[in-house]
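Quick note: numbers below take in every heavy atom, side chains included, and nothing from hydrogens, waters or symmetry partners.
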Protein chains: 2
Amino acid sequence: MMKPYILIVEDEAALITLLHYNLEKEGFEVGEAVDGEEALFMIRERRPDLVVLDWMLPSLSGIEVCRRIRRMPEHKNLPIIMLTARGEETDRIRGLDSGADDYVVKPFSPSELVARIKAVLRRLRPALSEESISYSDLRMDLAAHKVTRDGAAIHLGPTEFRLLRHFLEHPGRVFSREQLLDAVWGQDVYVESRTVDVHVRRLRQALNAGGRADLIRTVRSAGYALDASES
Amino acid sequence: MMKPYILIVEDEAALITLLHYNLEKEGFEVGEAVDGEEALFMIRERRPDLVVLDWMLPSLSGIEVCRRIRRMPEHKNLPIIMLTARGEETDRIRGLDSGADDYVVKPFSPSELVARIKAVLRRLRPALSEESISYSDLRMDLAAHKVTRDGAAIHLGPTEFRLLRHFLEHPGRVFSREQLLDAVWGQDVYVESRTVDVHVRRLRQALNAGGRADLIRTVRSAGYALDASES
DNA sequence: CTCGGCTGTCACGTAACTGTAACGGAAGCG
DNA sequence: CGCTTCCGTTACAGTTACGTGACAGCCGAG
(Lines give C-alpha, C1' and ligand atoms only; values in the text may rest on other atoms or scores of the structure.)
Protein backbone atom coordinates (compact mmCIF):
# COMPACT_ATOMS: atom_id res chain seq x y z
CA MET A 1 0.00 0.00 0.00
CA MET A 2 1.20 3.47 -0.78
CA LYS A 3 1.82 5.56 2.32
CA PRO A 4 -0.89 8.10 3.01
CA TYR A 5 0.51 11.60 2.84
CA ILE A 6 -0.52 13.73 5.82
CA LEU A 7 -0.16 17.50 5.87
CA ILE A 8 0.27 19.15 9.27
CA VAL A 9 -0.73 22.79 9.48
CA GLU A 10 0.47 24.21 12.77
CA ASP A 11 2.46 27.22 13.86
CA GLU A 12 4.00 25.86 17.02
CA ALA A 13 7.35 24.40 16.04
CA ALA A 14 7.56 22.04 19.00
CA LEU A 15 4.17 20.50 18.24
CA ILE A 16 5.07 20.07 14.58
CA THR A 17 8.22 18.18 15.50
CA LEU A 18 6.34 15.93 17.85
CA LEU A 19 3.59 15.11 15.40
CA HIS A 20 5.96 14.69 12.51
CA TYR A 21 7.94 12.13 14.43
CA ASN A 22 4.92 10.19 15.61
CA LEU A 23 3.15 10.12 12.28
CA GLU A 24 6.22 8.93 10.44
CA LYS A 25 6.65 6.21 13.00
CA GLU A 26 3.15 5.06 12.11
CA GLY A 27 4.02 4.75 8.46
CA PHE A 28 2.64 8.01 7.14
CA GLU A 29 4.42 10.43 4.91
CA VAL A 30 4.34 13.84 6.49
CA GLY A 31 4.40 17.40 5.19
CA GLU A 32 4.29 20.66 7.11
CA ALA A 33 2.87 24.11 6.72
CA VAL A 34 3.06 26.92 9.25
CA ASP A 35 0.21 29.14 8.08
CA GLY A 36 -2.92 29.10 5.99
CA GLU A 37 -1.41 30.40 2.79
CA GLU A 38 1.31 27.80 2.83
CA ALA A 39 -1.26 25.12 3.63
CA LEU A 40 -3.34 25.94 0.58
CA PHE A 41 -0.23 25.98 -1.56
CA MET A 42 0.92 22.61 -0.28
CA ILE A 43 -2.51 21.12 -0.83
CA ARG A 44 -2.48 22.15 -4.46
CA GLU A 45 1.09 21.04 -5.02
CA ARG A 46 1.42 17.86 -3.00
CA ARG A 47 -2.16 16.66 -2.85
CA PRO A 48 -2.17 15.20 0.65
CA ASP A 49 -4.51 12.39 1.64
CA LEU A 50 -5.47 14.12 4.87
CA VAL A 51 -4.88 17.48 6.55
CA VAL A 52 -4.33 18.07 10.26
CA LEU A 53 -5.30 21.69 10.70
CA ASP A 54 -4.74 23.91 13.68
CA TRP A 55 -7.58 26.16 14.60
CA MET A 56 -5.43 29.18 15.46
CA LEU A 57 -3.15 30.17 12.63
CA PRO A 58 -1.35 33.28 11.47
CA SER A 59 -2.53 34.96 8.27
CA LEU A 60 -5.57 32.73 7.67
CA SER A 61 -7.61 31.08 10.39
CA GLY A 62 -7.99 27.33 10.32
CA ILE A 63 -11.68 27.63 9.73
CA GLU A 64 -11.11 29.86 6.73
CA VAL A 65 -8.59 27.40 5.31
CA CYS A 66 -11.16 24.68 5.80
CA ARG A 67 -13.80 26.64 3.90
CA ARG A 68 -11.46 27.34 1.05
CA ILE A 69 -10.49 23.72 0.76
CA ARG A 70 -14.13 22.77 0.49
CA ARG A 71 -14.50 25.21 -2.35
CA MET A 72 -11.64 23.74 -4.39
CA PRO A 73 -13.19 21.42 -6.91
CA GLU A 74 -10.14 19.17 -6.87
CA HIS A 75 -10.03 18.83 -3.12
CA LYS A 76 -13.62 19.05 -1.97
CA ASN A 77 -13.43 15.68 -0.28
CA LEU A 78 -10.02 16.04 1.29
CA PRO A 79 -10.33 14.76 4.86
CA ILE A 80 -9.61 17.40 7.49
CA ILE A 81 -8.96 16.96 11.21
CA MET A 82 -9.06 20.16 13.25
CA LEU A 83 -6.95 20.85 16.33
CA THR A 84 -8.77 23.09 18.78
CA ALA A 85 -7.96 24.40 22.25
CA ARG A 86 -9.80 22.96 25.19
CA GLY A 87 -13.33 24.07 25.83
CA GLU A 88 -13.92 25.95 22.62
CA GLU A 89 -17.15 24.11 22.30
CA THR A 90 -18.80 26.58 19.98
CA ASP A 91 -15.69 26.54 17.88
CA ARG A 92 -16.00 22.82 17.64
CA ILE A 93 -19.44 23.18 16.19
CA ARG A 94 -18.33 25.79 13.75
CA GLY A 95 -15.37 23.64 12.83
CA LEU A 96 -17.51 20.71 11.89
CA ASP A 97 -19.96 23.00 10.17
CA SER A 98 -17.23 24.46 8.03
CA GLY A 99 -16.44 21.02 6.73
CA ALA A 100 -13.96 19.30 9.04
CA ASP A 101 -14.32 15.53 9.31
CA ASP A 102 -13.18 15.28 12.89
CA TYR A 103 -11.57 17.39 15.58
CA VAL A 104 -9.12 16.78 18.41
CA VAL A 105 -8.97 18.92 21.53
CA LYS A 106 -5.62 20.19 22.78
CA PRO A 107 -3.83 18.96 24.72
CA PHE A 108 -3.95 15.51 23.15
CA SER A 109 -1.67 12.53 22.97
CA PRO A 110 -0.06 11.79 19.64
CA SER A 111 -1.54 8.31 19.72
CA GLU A 112 -5.00 9.78 19.96
CA LEU A 113 -4.39 11.85 16.86
CA VAL A 114 -3.03 8.81 15.06
CA ALA A 115 -6.13 6.86 15.97
CA ARG A 116 -8.36 9.62 14.64
CA ILE A 117 -6.39 9.86 11.45
CA LYS A 118 -6.68 6.15 10.85
CA ALA A 119 -10.37 6.23 11.62
CA VAL A 120 -11.03 9.06 9.20
CA LEU A 121 -8.95 7.44 6.47
CA ARG A 122 -10.78 4.17 7.00
CA ARG A 123 -14.10 5.89 6.82
CA LEU A 124 -13.41 7.97 3.77
CA ARG A 125 -11.09 5.69 1.88
CA PRO A 126 -12.08 2.29 3.14
CA ALA A 127 -9.82 0.38 0.82
CA LEU A 128 -6.72 1.95 2.30
CA SER A 129 -6.89 -0.12 5.42
CA GLU A 130 -7.88 -3.42 3.90
CA GLU A 131 -5.48 -6.11 2.92
CA SER A 132 -7.64 -7.28 0.10
CA ILE A 133 -10.24 -5.61 -2.06
CA SER A 134 -12.91 -7.42 -3.98
CA TYR A 135 -15.54 -6.44 -6.44
CA SER A 136 -17.89 -8.80 -8.15
CA ASP A 137 -15.87 -11.97 -8.76
CA LEU A 138 -12.64 -10.02 -8.73
CA ARG A 139 -10.26 -10.03 -5.83
CA MET A 140 -7.04 -8.13 -5.28
CA ASP A 141 -4.72 -9.21 -2.51
CA LEU A 142 -2.65 -6.17 -1.64
CA ALA A 143 -0.12 -7.92 0.57
CA ALA A 144 0.59 -10.72 -1.88
CA HIS A 145 0.22 -8.40 -4.86
CA LYS A 146 -2.04 -10.91 -6.51
CA VAL A 147 -5.23 -10.64 -8.48
CA THR A 148 -7.76 -13.38 -9.08
CA ARG A 149 -11.00 -13.50 -10.96
CA ASP A 150 -13.42 -16.23 -10.02
CA GLY A 151 -10.47 -17.97 -8.42
CA ALA A 152 -8.25 -17.90 -11.48
CA ALA A 153 -4.95 -16.06 -11.11
CA ILE A 154 -4.42 -13.04 -13.31
CA HIS A 155 -1.08 -11.55 -14.12
CA LEU A 156 -0.85 -7.78 -14.29
CA GLY A 157 2.04 -5.45 -14.96
CA PRO A 158 2.84 -2.86 -12.30
CA THR A 159 0.93 -0.07 -14.01
CA GLU A 160 -2.13 -2.21 -14.65
CA PHE A 161 -2.04 -3.30 -11.02
CA ARG A 162 -2.05 0.25 -9.73
CA LEU A 163 -4.72 1.19 -12.22
CA LEU A 164 -6.99 -1.65 -11.16
CA ARG A 165 -6.34 -0.84 -7.56
CA HIS A 166 -7.42 2.71 -8.06
CA PHE A 167 -10.62 1.53 -9.71
CA LEU A 168 -11.25 -0.92 -6.88
CA GLU A 169 -10.81 1.79 -4.30
CA HIS A 170 -13.55 3.80 -5.96
CA PRO A 171 -15.82 1.25 -7.57
CA GLY A 172 -18.35 2.55 -10.03
CA ARG A 173 -16.90 5.98 -10.22
CA VAL A 174 -15.89 7.51 -13.52
CA PHE A 175 -12.39 8.93 -13.85
CA SER A 176 -11.14 11.11 -16.64
CA ARG A 177 -7.84 10.26 -18.27
CA GLU A 178 -6.25 13.20 -16.49
CA GLN A 179 -7.51 12.07 -13.12
CA LEU A 180 -6.16 8.61 -13.73
CA LEU A 181 -2.81 9.99 -14.77
CA ASP A 182 -2.64 11.99 -11.56
CA ALA A 183 -3.72 9.13 -9.37
CA VAL A 184 -1.91 6.22 -10.98
CA TRP A 185 1.11 7.73 -12.68
CA GLY A 186 1.67 10.66 -10.31
CA GLN A 187 1.06 14.33 -10.70
CA ASP A 188 4.54 15.28 -11.82
CA VAL A 189 4.90 12.81 -14.68
CA TYR A 190 3.91 13.90 -18.13
CA VAL A 191 2.52 11.28 -20.43
CA GLU A 192 -0.01 11.49 -23.21
CA SER A 193 -3.55 11.04 -22.00
CA ARG A 194 -4.18 8.45 -24.69
CA THR A 195 -1.64 6.28 -22.89
CA VAL A 196 -4.37 5.62 -20.38
CA ASP A 197 -6.41 4.00 -23.13
CA VAL A 198 -3.65 1.58 -23.88
CA HIS A 199 -3.29 0.53 -20.28
CA VAL A 200 -7.01 0.21 -19.86
CA ARG A 201 -6.96 -2.06 -22.85
CA ARG A 202 -4.17 -4.15 -21.38
CA LEU A 203 -6.06 -4.34 -18.11
CA ARG A 204 -9.23 -5.37 -19.88
CA GLN A 205 -7.39 -7.97 -21.88
CA ALA A 206 -5.97 -9.48 -18.72
CA LEU A 207 -9.22 -9.37 -16.75
CA ASN A 208 -11.44 -10.62 -19.51
CA ALA A 209 -9.23 -13.49 -20.60
CA GLY A 210 -11.43 -16.45 -21.36
CA GLY A 211 -14.44 -14.56 -22.61
CA ARG A 212 -15.54 -13.06 -19.34
CA ALA A 213 -17.73 -9.99 -19.10
CA ASP A 214 -15.99 -6.64 -19.32
CA LEU A 215 -15.62 -5.02 -15.92
CA ILE A 216 -14.50 -1.63 -17.18
CA ARG A 217 -17.05 0.71 -18.61
CA THR A 218 -16.07 3.35 -21.11
CA VAL A 219 -17.92 6.61 -20.70
CA ARG A 220 -17.53 8.45 -23.92
CA SER A 221 -15.93 11.86 -23.57
CA ALA A 222 -15.67 11.36 -19.82
CA GLY A 223 -13.39 8.45 -18.95
CA TYR A 224 -13.52 4.97 -17.52
CA ALA A 225 -15.12 3.27 -14.52
CA LEU A 226 -15.12 -0.12 -12.86
CA ASP A 227 -18.59 -1.45 -13.36
CA ALA A 228 -19.95 -4.96 -13.42
CA SER A 229 -23.47 -4.09 -14.48
CA GLU A 230 -24.36 -5.14 -17.97
CA SER A 231 -25.03 -2.44 -20.47
CA MET B 1 -30.98 7.16 2.84
CA MET B 2 -33.55 4.41 2.94
CA LYS B 3 -32.94 1.61 5.38
CA PRO B 4 -30.71 -1.02 3.87
CA TYR B 5 -32.46 -4.37 3.62
CA ILE B 6 -30.31 -7.21 4.91
CA LEU B 7 -31.05 -10.85 4.18
CA ILE B 8 -29.81 -13.41 6.70
CA VAL B 9 -29.34 -16.92 5.43
CA GLU B 10 -28.77 -19.25 8.35
CA ASP B 11 -30.24 -22.55 9.51
CA GLU B 12 -29.71 -22.17 13.24
CA ALA B 13 -32.86 -20.63 14.64
CA ALA B 14 -31.17 -19.19 17.73
CA LEU B 15 -28.54 -17.38 15.69
CA ILE B 16 -31.16 -15.96 13.36
CA THR B 17 -33.11 -14.53 16.25
CA LEU B 18 -30.01 -12.97 17.73
CA LEU B 19 -28.90 -11.38 14.48
CA HIS B 20 -32.37 -10.25 13.57
CA TYR B 21 -32.69 -8.39 16.82
CA ASN B 22 -29.29 -6.77 16.62
CA LEU B 23 -29.55 -5.70 13.03
CA GLU B 24 -32.95 -4.15 13.51
CA LYS B 25 -31.61 -2.27 16.48
CA GLU B 26 -29.01 -0.78 14.16
CA GLY B 27 -31.62 0.49 11.78
CA PHE B 28 -31.55 -2.21 9.15
CA GLU B 29 -34.51 -3.95 7.70
CA VAL B 30 -34.05 -7.68 8.05
CA GLY B 31 -35.21 -10.72 6.13
CA GLU B 32 -34.51 -14.38 6.78
CA ALA B 33 -33.96 -17.54 4.82
CA VAL B 34 -33.12 -20.95 6.21
CA ASP B 35 -31.61 -22.65 3.18
CA GLY B 36 -30.08 -21.92 -0.18
CA GLU B 37 -33.19 -22.32 -2.25
CA GLU B 38 -35.14 -19.95 -0.09
CA ALA B 39 -32.25 -17.51 -0.16
CA LEU B 40 -32.21 -17.34 -3.94
CA PHE B 41 -35.95 -16.91 -4.00
CA MET B 42 -35.83 -14.08 -1.48
CA ILE B 43 -33.05 -12.37 -3.39
CA ARG B 44 -35.13 -12.31 -6.54
CA GLU B 45 -38.27 -11.22 -4.77
CA ARG B 46 -37.11 -8.77 -2.16
CA ARG B 47 -33.88 -7.51 -3.70
CA PRO B 48 -31.84 -7.10 -0.51
CA ASP B 49 -28.99 -4.63 -0.28
CA LEU B 50 -26.71 -7.16 1.37
CA VAL B 51 -26.74 -10.86 2.21
CA VAL B 52 -25.30 -12.49 5.31
CA LEU B 53 -24.70 -16.04 4.21
CA ASP B 54 -23.87 -19.03 6.34
CA TRP B 55 -21.25 -21.34 4.92
CA MET B 56 -22.99 -24.55 6.00
CA LEU B 57 -26.52 -24.79 4.73
CA PRO B 58 -29.01 -27.53 3.97
CA SER B 59 -29.90 -28.20 0.32
CA LEU B 60 -27.37 -25.77 -1.21
CA SER B 61 -24.03 -24.87 0.30
CA GLY B 62 -23.28 -21.24 0.99
CA ILE B 63 -20.54 -21.21 -1.56
CA GLU B 64 -22.86 -22.53 -4.22
CA VAL B 65 -25.45 -19.87 -3.37
CA CYS B 66 -22.70 -17.31 -3.66
CA ARG B 67 -21.72 -18.50 -7.13
CA ARG B 68 -25.27 -18.51 -8.32
CA ILE B 69 -25.82 -14.99 -7.08
CA ARG B 70 -22.80 -13.85 -9.02
CA ARG B 71 -24.25 -15.36 -12.13
CA MET B 72 -27.56 -13.50 -11.84
CA PRO B 73 -27.30 -10.46 -14.08
CA GLU B 74 -29.57 -8.49 -11.79
CA HIS B 75 -27.64 -9.22 -8.64
CA LYS B 76 -24.04 -9.64 -9.66
CA ASN B 77 -22.95 -6.85 -7.36
CA LEU B 78 -25.03 -7.83 -4.38
CA PRO B 79 -22.71 -7.58 -1.39
CA ILE B 80 -22.24 -10.88 0.43
CA ILE B 81 -20.77 -11.54 3.86
CA MET B 82 -19.99 -15.16 4.62
CA LEU B 83 -20.22 -16.76 8.03
CA THR B 84 -17.66 -19.51 8.43
CA ALA B 85 -16.62 -21.77 11.26
CA ARG B 86 -13.32 -21.16 12.94
CA GLY B 87 -10.16 -22.22 11.21
CA GLU B 88 -11.63 -23.06 7.84
CA GLU B 89 -8.84 -21.11 6.27
CA THR B 90 -9.02 -22.73 2.86
CA ASP B 91 -12.75 -22.19 2.92
CA ARG B 92 -12.16 -18.55 3.54
CA ILE B 93 -10.07 -18.32 0.42
CA ARG B 94 -12.61 -20.21 -1.60
CA GLY B 95 -15.34 -18.05 -0.17
CA LEU B 96 -13.70 -14.84 -1.27
CA ASP B 97 -12.80 -16.31 -4.63
CA SER B 98 -16.33 -17.40 -5.22
CA GLY B 99 -17.39 -13.80 -4.84
CA ALA B 100 -18.02 -12.98 -1.19
CA ASP B 101 -17.06 -9.47 -0.20
CA ASP B 102 -16.12 -10.25 3.36
CA TYR B 103 -16.33 -13.08 5.84
CA VAL B 104 -16.80 -13.37 9.59
CA VAL B 105 -15.54 -16.30 11.60
CA LYS B 106 -17.84 -17.99 14.11
CA PRO B 107 -18.19 -17.39 16.93
CA PHE B 108 -18.48 -13.66 16.51
CA SER B 109 -20.12 -10.82 18.37
CA PRO B 110 -23.17 -9.22 16.77
CA SER B 111 -21.46 -5.85 16.91
CA GLU B 112 -18.59 -7.21 14.82
CA LEU B 113 -21.00 -8.35 12.16
CA VAL B 114 -22.72 -4.98 12.22
CA ALA B 115 -19.39 -3.25 11.76
CA ARG B 116 -18.55 -5.47 8.79
CA ILE B 117 -21.92 -4.89 7.23
CA LYS B 118 -21.53 -1.15 7.50
CA ALA B 119 -18.01 -1.31 6.13
CA VAL B 120 -19.06 -3.38 3.13
CA LEU B 121 -22.03 -1.14 2.39
CA ARG B 122 -19.80 1.92 2.54
CA ARG B 123 -17.18 0.35 0.37
CA LEU B 124 -19.34 -1.19 -2.29
CA ARG B 125 -21.99 1.38 -2.73
CA PRO B 126 -20.29 4.72 -2.47
CA ALA B 127 -22.48 6.07 -5.22
CA LEU B 128 -25.54 5.82 -3.02
CA SER B 129 -24.12 8.18 -0.47
CA GLU B 130 -22.51 10.53 -2.97
CA GLU B 131 -24.00 13.19 -5.07
CA SER B 132 -26.94 12.11 -7.12
CA ILE B 133 -29.94 13.93 -8.44
CA SER B 134 -33.33 12.36 -8.73
CA TYR B 135 -36.71 13.43 -9.98
CA SER B 136 -39.77 11.26 -10.04
CA ASP B 137 -38.53 7.74 -10.81
CA LEU B 138 -35.43 9.11 -12.49
CA ARG B 139 -32.03 9.08 -10.91
CA MET B 140 -28.76 10.51 -12.15
CA ASP B 141 -25.56 9.49 -10.44
CA LEU B 142 -22.96 12.13 -11.21
CA ALA B 143 -19.93 10.28 -9.90
CA ALA B 144 -20.73 7.09 -11.76
CA HIS B 145 -22.13 8.96 -14.76
CA LYS B 146 -25.15 6.72 -14.72
CA VAL B 147 -28.83 7.31 -15.28
CA THR B 148 -31.61 4.97 -14.23
CA ARG B 149 -35.35 5.14 -14.52
CA ASP B 150 -37.36 2.95 -12.22
CA GLY B 151 -34.13 1.06 -11.60
CA ALA B 152 -33.47 0.31 -15.25
CA ALA B 153 -30.22 1.60 -16.66
CA ILE B 154 -30.45 4.16 -19.43
CA HIS B 155 -27.70 4.95 -21.85
CA LEU B 156 -27.26 8.58 -22.87
CA GLY B 157 -24.77 10.25 -25.14
CA PRO B 158 -22.62 13.02 -23.65
CA THR B 159 -24.85 15.84 -24.86
CA GLU B 160 -28.05 14.17 -23.72
CA PHE B 161 -26.42 13.54 -20.36
CA ARG B 162 -25.53 17.19 -19.88
CA LEU B 163 -28.95 18.25 -21.11
CA LEU B 164 -30.76 16.00 -18.67
CA ARG B 165 -28.47 17.12 -15.91
CA HIS B 166 -29.38 20.72 -16.57
CA PHE B 167 -33.07 19.89 -16.46
CA LEU B 168 -32.63 17.93 -13.24
CA GLU B 169 -30.84 20.83 -11.63
CA HIS B 170 -33.81 23.07 -12.37
CA PRO B 171 -36.81 20.78 -12.34
CA GLY B 172 -40.03 22.19 -13.69
CA ARG B 173 -38.48 25.30 -15.09
CA VAL B 174 -38.95 26.15 -18.75
CA PHE B 175 -35.86 26.88 -20.82
CA SER B 176 -35.76 28.47 -24.23
CA ARG B 177 -33.59 26.88 -26.88
CA GLU B 178 -31.12 29.71 -26.55
CA GLN B 179 -30.87 29.25 -22.80
CA LEU B 180 -30.27 25.55 -23.26
CA LEU B 181 -27.60 26.21 -25.84
CA ASP B 182 -25.83 28.54 -23.45
CA ALA B 183 -26.11 26.20 -20.50
CA VAL B 184 -25.45 22.87 -22.14
CA TRP B 185 -23.37 23.66 -25.20
CA GLY B 186 -21.56 26.72 -23.89
CA GLN B 187 -21.74 30.39 -24.69
CA ASP B 188 -19.07 30.43 -27.32
CA VAL B 189 -20.36 27.63 -29.54
CA TYR B 190 -22.71 28.48 -32.32
CA VAL B 191 -25.20 25.87 -33.35
CA GLU B 192 -28.66 26.11 -34.82
CA SER B 193 -31.34 26.41 -32.17
CA ARG B 194 -33.33 23.63 -33.81
CA THR B 195 -30.49 21.33 -32.86
CA VAL B 196 -31.89 21.46 -29.35
CA ASP B 197 -35.08 19.87 -30.61
CA VAL B 198 -33.19 16.92 -31.97
CA HIS B 199 -31.36 16.32 -28.72
CA VAL B 200 -34.54 16.70 -26.73
CA ARG B 201 -36.04 14.05 -28.94
CA ARG B 202 -33.09 11.76 -28.42
CA LEU B 203 -33.33 12.31 -24.69
CA ARG B 204 -37.04 11.59 -24.71
CA GLN B 205 -36.53 8.47 -26.74
CA ALA B 206 -33.98 7.17 -24.27
CA LEU B 207 -35.97 8.07 -21.17
CA ASN B 208 -39.30 6.85 -22.44
CA ALA B 209 -38.08 3.55 -23.80
CA GLY B 210 -40.61 0.90 -22.92
CA GLY B 211 -43.73 3.04 -23.13
CA ARG B 212 -43.11 5.18 -20.08
CA ALA B 213 -44.68 8.58 -19.55
CA ASP B 214 -42.95 11.55 -21.13
CA LEU B 215 -40.97 13.55 -18.59
CA ILE B 216 -40.23 16.51 -20.83
CA ARG B 217 -42.91 19.04 -21.48
CA THR B 218 -42.91 21.12 -24.64
CA VAL B 219 -44.00 24.70 -24.14
CA ARG B 220 -44.99 26.02 -27.48
CA SER B 221 -43.01 29.02 -28.64
CA ALA B 222 -41.15 29.06 -25.30
CA GLY B 223 -39.02 25.95 -24.87
CA TYR B 224 -38.84 22.77 -22.83
CA ALA B 225 -39.10 21.78 -19.19
CA LEU B 226 -38.69 18.68 -17.06
CA ASP B 227 -42.13 17.88 -15.76
CA ALA B 228 -43.70 14.68 -14.47
CA SER B 229 -47.24 15.99 -14.09
CA GLU B 230 -49.78 15.13 -16.73
CA SER B 231 -51.57 17.96 -18.46
C1' DC C 1 25.77 -8.63 -23.81
C1' DT C 2 21.29 -10.57 -24.74
C1' DC C 3 16.93 -11.42 -23.74
C1' DG C 4 12.29 -10.75 -22.21
C1' DG C 5 8.97 -7.99 -19.97
C1' DC C 6 7.09 -3.49 -19.53
C1' DT C 7 6.11 1.21 -21.11
C1' DG C 8 4.72 5.15 -23.90
C1' DT C 9 3.54 6.72 -28.46
C1' DC C 10 1.70 6.50 -32.90
C1' DA C 11 -1.31 5.36 -36.88
C1' DC C 12 -5.30 3.42 -38.58
C1' DG C 13 -9.99 1.71 -38.61
C1' DT C 14 -14.40 2.02 -36.74
C1' DA C 15 -18.30 2.79 -33.96
C1' DA C 16 -20.69 6.34 -31.68
C1' DC C 17 -22.11 10.82 -31.61
C1' DT C 18 -23.31 15.52 -33.61
C1' DG C 19 -25.42 19.13 -36.26
C1' DT C 20 -28.20 20.28 -40.18
C1' DA C 21 -31.67 19.96 -43.45
C1' DA C 22 -36.05 18.50 -45.03
C1' DC C 23 -40.73 16.90 -44.59
C1' DG C 24 -45.11 16.39 -42.47
C1' DG C 25 -48.26 17.04 -38.88
C1' DA C 26 -50.09 19.65 -34.87
C1' DA C 27 -51.35 23.91 -32.78
C1' DG C 28 -52.68 28.58 -32.84
C1' DC C 29 -55.26 32.38 -35.11
C1' DG C 30 -57.99 35.09 -38.02
C1' DC D 1 -61.45 26.57 -42.66
C1' DG D 2 -57.19 28.15 -44.62
C1' DC D 3 -52.93 30.06 -43.37
C1' DT D 4 -48.97 30.42 -40.56
C1' DT D 5 -45.95 29.03 -37.12
C1' DC D 6 -43.90 25.82 -34.48
C1' DC D 7 -42.53 21.24 -33.36
C1' DG D 8 -41.67 15.99 -34.02
C1' DT D 9 -39.37 12.90 -36.70
C1' DT D 10 -36.22 10.88 -39.89
C1' DA D 11 -32.20 10.60 -42.59
C1' DC D 12 -27.56 11.60 -43.52
C1' DA D 13 -22.93 13.19 -43.78
C1' DG D 14 -19.21 15.03 -40.97
C1' DT D 15 -16.76 14.67 -36.89
C1' DT D 16 -14.99 12.87 -32.72
C1' DA D 17 -13.48 9.62 -29.55
C1' DC D 18 -12.17 5.15 -28.71
C1' DG D 19 -10.21 0.29 -29.71
C1' DT D 20 -6.53 -2.06 -31.53
C1' DG D 21 -2.12 -3.66 -33.24
C1' DA D 22 2.56 -2.48 -33.95
C1' DC D 23 6.90 -0.77 -32.50
C1' DA D 24 10.96 1.29 -30.45
C1' DG D 25 13.10 2.50 -26.08
C1' DC D 26 14.13 1.18 -21.47
C1' DC D 27 15.76 -1.69 -17.84
C1' DG D 28 16.83 -5.36 -14.99
C1' DA D 29 17.79 -10.52 -14.89
C1' DG D 30 20.52 -13.93 -16.29
Side-chain angles (χ1 to χ4, degrees), chain A residues 145 147 153-166 174-209 211-227 231, chain B residues 145 147 153-166 174-209 211-227 231:
Chain A
H145 236 255
V147 177
I154 289 175
H155 176 73
L156 296 179
T159 306
E160 281 74 38
F161 188 87
R162 290 199 308 275
L163 182 59
L164 176 58
R165 178 175 173 182
H166 184 71
V174 175
F175 293 99
S176 71
R177 293 172 175 71
E178 285 69 26
Q179 287 176 312
L180 290 172
L181 286 176
D182 279 358
V184 177
W185 276 257
Q187 50 267 13
D188 32 42
V189 193
Y190 180 73
V191 287
E192 289 290 323
S193 69
R194 285 299 312 273
T195 301
V196 175
D197 295 30
V198 178
H199 283 276
V200 165
R201 158 157 169 73
R202 287 170 183 159
L203 180 55
R204 274 181 169 146
Q205 203 164 281
L207 295 183
N208 306 344
R212 298 170 188 280
D214 195 357
L215 284 176
I216 298 178
R217 179 167 55 109
T218 303
V219 181
R220 188 168 234 262
S221 80
Y224 298 97
L226 184 67
D227 188 353
S231 58
Chain B
H145 248 259
V147 177
I154 291 176
H155 178 74
L156 297 179
T159 306
E160 282 75 35
F161 189 88
R162 291 199 308 274
L163 182 59
L164 176 59
R165 176 175 176 178
H166 187 253
V174 178
F175 293 99
S176 70
R177 293 172 175 71
E178 285 70 25
Q179 286 176 312
L180 290 172
L181 285 176
D182 279 357
V184 177
W185 276 257
Q187 284 98 344
D188 31 45
V189 197
Y190 181 72
V191 288
E192 290 290 323
S193 70
R194 287 299 313 272
T195 300
V196 174
D197 296 31
V198 177
H199 282 278
V200 165
R201 155 150 171 78
R202 286 170 183 158
L203 181 55
R204 274 180 168 147
Q205 197 165 270
L207 295 183
N208 306 344
R212 298 168 190 280
D214 194 358
L215 285 176
I216 298 177
R217 181 164 50 104
T218 304
V219 182
R220 192 179 169 86
S221 76
Y224 298 96
L226 184 67
D227 187 357
S231 57

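- The CD-P distance, from Gln205(B) to dG8(D), rounds to 13 Å in whole Å.
- Side-chain nitrogen and oxygen atoms of Tyr224(A) include at least one within less than 4.0 Å of the OP1 or OP2 phosphate oxygen of dG19(D).
- Distance check, rounded to the nearest 0.5 Å: CH2 of Trp185(A) to CZ of Arg177(A) gives 11.0 Å.
- Separating the CG atom of Asp214(A) from the P atom of dC18(D) is a distance of 15 Å, rounded to the nearest angstrom.
- Following rounding to the nearest Å, Arg217(B) (CZ) and dG8(D) (C1') show an atom-to-atom distance of 18 Å.
- Close to dG21(D), at under 4.0 Å from its OP1 or OP2, lies a side-chain N or O of Arg201(A).
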* B/S/- contact track for nucleotides 18-30 of chain C, protein heavy atom under 4.0 Å -> BBBB-----B---
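- Phosphate contact (OP1/OP2 of dG19(D), side-chain N/O of Thr218(A), threshold under 4.0 Å): present.
- Ring pair His166(A)/Phe175(A) is tilted by interplanar angle, where 30° to 60° counts as tilted.
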* To do: Go through the steps to decide whether Thr218(A) and Val200(A) satisfy the test side-chain contact (heavy atoms from CB on, under 4.5 Å), and finish with yes or no.
  => CA-CA 10 Å; Thr218(A) 303; Val200(A) 165; 5.9 Å; no
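- Counting heavy atoms from C-beta outward, Arg217(B) and Val174(B) have side chains that approach closer than 4.5 Å.
- No side-chain heavy atom of Leu156(B) sits less than 4.5 Å from a side-chain heavy atom of Arg202(B).
- Remark: C1' of dT14(C) and CG of Asp197(A) are 15 Å apart, rounded to the nearest angstrom.
- dC17(C) atom C1' lies 15 Å from atom CG of Leu163(B), rounded to whole Å.
- In this structure, the side chains of His199(A) and Leu203(A) stay at 4.5 Å or more apart for every pair of heavy atoms.
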